[in-house]
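These notes concern the structure reproduced below.
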Amino acid sequence: MKKIAKWESPSNIALIKYWGKHGGQLPNNPSISFTLTNSKTITSVELVSKTDKNIEFLFNNDISESFSTRIENFLNSISSELPFINDYSFIIKSKNTFPHSAGIASSASAFSALALCLIDLKQQLGFKITDFFSEASYFARLGSGSACRSVYGGVALWGETDLIENSSNKFAVSLNDIIHPIFKNYHDDIIIVNSEKKHISSSLGHKLMDTNPYRNIKYKQSKINLNELLLSLKSGNLTDFIRITESEALSLHSMMMLSNPSFILLQPKTLQIISEIIRFRNHTKIPISFTLDAGPNVHVLYPHKFTDEVKEFLSDNFNHNCQIINDFTS
Ligand code: DP6
């Protein structure tokens, strides 16, 4: 019988950032993210009889050699743990619901969707699965660290902390059971400042943390931030949520500026948008805030009930010169 698996998985935005890793893609500090809803990758993986060509990878129906090599390396790297990989050739078809050039991290959704397909195929082939999503998260992590948080909807934590039972550096866990309802459907409108490919990859950014003289202080602070963020996610205290998440975003970019060599991904427009968001919040008392990925685009976060007010604010100020992607965590 034909063995094929098809999964879709969204991108995610970190609130406590993963920045720096060691060993086999293990994080230097635990991180927490909102999984998005609309910005996702849809992937199918078909197992076919083994030929010389191990993998055929089609992105938007076109052959993509560069991503194909990354996936082939990934499959080789996990084949000792998933030995069925050696018995077949793979036809993988993938597409994103968001524009490739939108500046949204696509490796998180891509590796999450791929890992979900692999665990699905493992199950179809009759191998024992102990916990489907933890196993998918484990393999997604080996493709791209942040991908392990995307297999769950809502809020996810990756990395060991005494505060969450079963937390692990090897896979993410869902926090949905402990999250205050205000964070249900929490919005993330992404203002695209620049859609070009980053000139510094995340991998190099992580590596530069190894020699960053401020790393220990940064990890100590992120641990405190994580503890406090968990409390605010449970209680629904948005003042703390905003203070902690904005500080995390700025400290991520501070680390880039303090690396050796240093680099800057923020652009003048990023800072201008951040200032406007803070001004709007102070003026209206609407609990809108920002966070940043490893790039210049601004993620605008706010509770669902303020959708109309924020929509008007964004369209008055940014719609005419920036693309905005509307998303939310489920
Ligand atoms: C700033 O997961 O893209 O988005 O593990 O090398 O693939 P690799 O890195 P990646 O790094 C994400 C960094 C970040 C913060 C985060 O998502 O936690």
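Both counts, for ligands and for their atoms, begin at 1 and track the order of listing. What you see below is based on every heavy atom in this structure, not just the backbone, and it leaves out hydrogens, waters and symmetry mates.
- Contact check on K122 versus E135 returns a salt bridge, with a Lys/Arg side-chain nitrogen under 4.0 Å from an Asp/Glu carboxylate oxygen.
- Salt-bridge formation is detected for the pair E246/R281: a Lys NZ or Arg NE/NH1/NH2 atom is positioned less than 4.0 Å from an Asp or Glu carboxylate oxygen.
- Between K17 and ligand 1, not a single N/O pair is under 3.5 Å apart.
- Between F34 and Y186, the gap from one ring centroid to the other is short of 6.0 Å.
- Shown in contact with A14 at under 4.0 Å from a heavy atom are these atoms of ligand 1, numbered in order with element: 16 (C), 17 (O), 18 (O).
- Contact atoms of ligand 1 toward Q25: 5 (O) (distance under 4.0 Å to a heavy atom of the residue).
- Residue R149 has at least one heavy-atom neighbour below 4.0 Å for each of these atoms of ligand 1: 16 (C), 17 (O), 18 (O).
- Annotation: H206 is in aromatic contact with Y18 [ring centroid separation under 6.0 Å].
- In the vicinity of K21, heavy-atom distances shorter than 4.0 Å reach the ligand 1 atoms 5 (O), 6 (O), 8 (P).
- Between E228 and R243 there is a salt bridge, since at least one side-chain N of the basic residue sits less than 4.0 Å from a carboxylate O of the acidic one.
- Of the polar atoms of S31, none of the N or O atoms is found under 3.5 Å from an N or O of ligand 1, judged by distance alone.
- Looking at ligand 1, you won't find any N or O of I16 less than 3.5 Å from one of its N or O atoms.
- Where the criterion is an N or O separation shorter than 3.5 Å, residue side chain and backbone included, N12 fails it with respect to ligand 1.
- Salt bridge absent: E248 and K17 never bring a charged side-chain N and a carboxylate O closer than 4.0 Å.
- If you number the atoms of ligand 1 from 1 as listed, the ones under 4.0 Å from a heavy atom of S203 come out as 6 (O).
- A donor and an acceptor atom, one from each side chain of T41 and N96, are located under 3.5 Å apart.
- For atom 10 (P) of ligand 1, the nearest non-hydrogen atom from the set A147, G143, S146, G205 belongs to S146.
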